[in-house]
Amino acid sequence: MKLEYFDINGRALLPRCLFAYTNTEFEDYRLSMPDFGAKKAQGAYKFGQVPVMYMDDGKQMTQSMAIARYIAATFKGPNGENLYPIHEDPMLAYKIDMVISNLEPLQKEWVNFTIPFVPGYKDKDEHFIKFICKTYPEYLSKMEERFSTNGGKYILGN
């Protein structure tokens, strides 16, 4: 498998972390902006964007969260655990999706101080301060509520 994205974490962070966590070998191909522009102009990407994951048979998978769910459903954790139990426990899979979806607003904000070609990056210091002082503490507070609701050890129970 090959994961193709820019030489930043951004939207490829979660798939990269899942590959590492599951000890799954993959090619981590880091694109430059000129390479991306050229490949995009050639129609290399289904939706004109990255990350893209290429399967060993050449099939192209798109959308970072869909890629992450695929990795989590396909590969086991280090103790043999299922990371995304879609067929074994659909309600738990729903709860996982709910928690993952809560990351989207965070991601929309952190790109403004981590990705130089995003328009908001010009005011990166202001975005970073707002994120650290307001957005992230609010998010963590909501996650703490989930921990306490589920017995305090894990976000979604045992």
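All of these numbers come straight from a predicted model, not from anything done at the bench. Positions are given from 1 along the sequence. All values below were derived from every heavy atom in this structure, side-chain atoms included, with hydrogens, water molecules and symmetry-related copies excluded.
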K.L.:
Any chance OH of Tyr121 has more than 12 other-residue heavy atoms, nucleotides or ligands included, within less than 6.0 Å?
P.N.:
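More than 12 heavy atoms, drawn from other residues, nucleotides or ligands, come within 6.0 Å of this atom.
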K.L.:
Supply the atom-to-atom distance Leu92 CG to Met98 CE, rounded to the nearest 0.5 angstrom.
P.N.:
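So the gap between those two atoms works out to 10.0 Å.
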K.L.:
Please examine the side chains of Leu3 and Pro51, heavy atoms only from C-beta on, and report whether any two atoms are closer than 4.5 Å.
P.N.:
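Yes; the side chains approach each other to less than 4.5 Å.
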K.L.:
Looking at Glu126 and Lys130, does any basic side-chain N land under 4.0 Å from a carboxylate oxygen?
P.N.:
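The answer is no: the pair does not qualify as a salt bridge.
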K.L.:
Counting N and O atoms only, with roles assigned by atom type, does the side chain of His127 sit under 3.5 Å from a partner on the main chain of Trp110, one being a donor and the other an acceptor?
P.N.:
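Not confirmed, His127 side chain does not pair with Trp110 backbone.
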K.L.:
Is the shortest heavy-atom distance from the side chain of Val50 to the side chain of Tyr45 under 4.5 Å?
P.N.:
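They are in contact (side-chain heavy atoms under 4.5 Å apart), so the answer is yes.
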K.L.:
Counting only heavy atoms from other residues, nucleotides and ligands, does the tally under 6.0 Å from CZ of Phe128 exceed 12?
P.N.:
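Open.
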K.L.:
Is Lys40 positioned over the aromatic face of Phe36, cation under 6.0 angstrom from the ring centre and no more than 45 degrees off axis?
P.N.:
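No - Lys40 does not lie over the ring of Phe36 by the 6.0 Å and 45° rule.
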K.L.:
Do the ring centers of Tyr84 and Tyr70 come within less than 6.0 Å of each other?
P.N.:
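No.
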K.L.:
Measure the OG1-NZ distance between Thr62 and Lys46 for me, rounded to the nearest 0.5 Å.
P.N.:
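These two atoms lie 5.5 Å from each other.
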K.L.:
Apply ring-ring contact (aromatic ring centres under 6.0 Å, His included) to the pair Tyr21 and Phe75, showing each step before the final yes or no.
P.N.:
CA-CA 10 Å; Tyr21 187 72; Phe75 303 104; over 10 Å; no
K.L.:
Flag the pair Met65 / Leu14 as yes when at least one side-chain heavy-atom distance between them is below 4.5 Å, and no otherwise.
P.N.:
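Heavy-atom side-chain distance check passes, below 4.5 Å.
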K.L.:
I'd like to know if Arg30 pairs up with Glu4 as an ion pair, taking the criterion as any Lys NZ or Arg NE/NH1/NH2 lying under 4.0 Å from an Asp or Glu carboxylate oxygen.
P.N.:
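Answer for the salt bridge query: no.
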K.L.:
When rounded to the nearest 0.5 angstrom, what distance separates OG1 in Thr114 from CG in Asn9?
P.N.:
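These two atoms lie 8.0 Å from each other.
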K.L.:
Decide yes or no for Asn112 and Val118: does some side-chain heavy atom of the first lie under 4.5 Å from some side-chain heavy atom of the second?
P.N.:
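They are in contact (side-chain heavy atoms under 4.5 Å apart), so the answer is yes.
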K.L.:
Are Ile71 and Ile100 linked, directly or through intermediate hydrophobic residues, by side-chain heavy-atom contacts shorter than 4.5 Å (ILVMFWY only)?
P.N.:
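In one cluster: yes.
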K.L.:
What's the separation between atom CE in Met53 and atom OG in Ser64, rounded to the nearest 0.5 Å?
P.N.:
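Going from CE on Met53 over to OG on Ser64, the span is 11.5 Å.
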K.L.:
Is it the case that more than 12 heavy atoms not belonging to Lys95 sit under 6.0 Å from its NZ atom?
P.N.:
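Check fails, neighbour count at 12 or below.
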K.L.:
Taking the side chain as every heavy atom from C-beta outward, state whether Phe19 and Arg16 have any pair of such atoms under 4.5 Å apart.
P.N.:
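No, too far: nothing below the 4.5 Å cut-off.
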K.L.:
Using a 6.0 Å distance limit plus a 45 degree cone around the ring axis, check whether Lys2 lies over the aromatic ring of Tyr54.
P.N.:
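Checked: cation-pi criterion met.
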K.L.:
If you define the side chain from C-beta out and look only at heavy atoms, does anything of Gln63 sit under 4.5 Å from Gln49?
P.N.:
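Yes - at least one pair of side-chain heavy atoms lies under 4.5 Å apart.
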K.L.:
Could you tell me if the side chain of Thr24 sits less than 4.5 Å from the side chain of Met1, heavy atoms only?
P.N.:
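Counting from C-beta outward, Met1 and Thr24 do come under 4.5 Å.
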K.L.:
Would the distance check show the side chain of Ser141 and the main-chain N or O of Pro137 forming a donor-acceptor pair, the cut-off being under 3.5 Å?
P.N.:
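Between the backbone of Pro137 and the side chain of Ser141 there is no qualifying donor-acceptor contact (under 3.5 Å).
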K.L.:
Taking the six-membered ring for Trp, are Phe131 and Phe113 closer than 6.0 Å centroid to centroid?
P.N.:
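For Phe131 and Phe113, the ring centres are under 6.0 Å apart.
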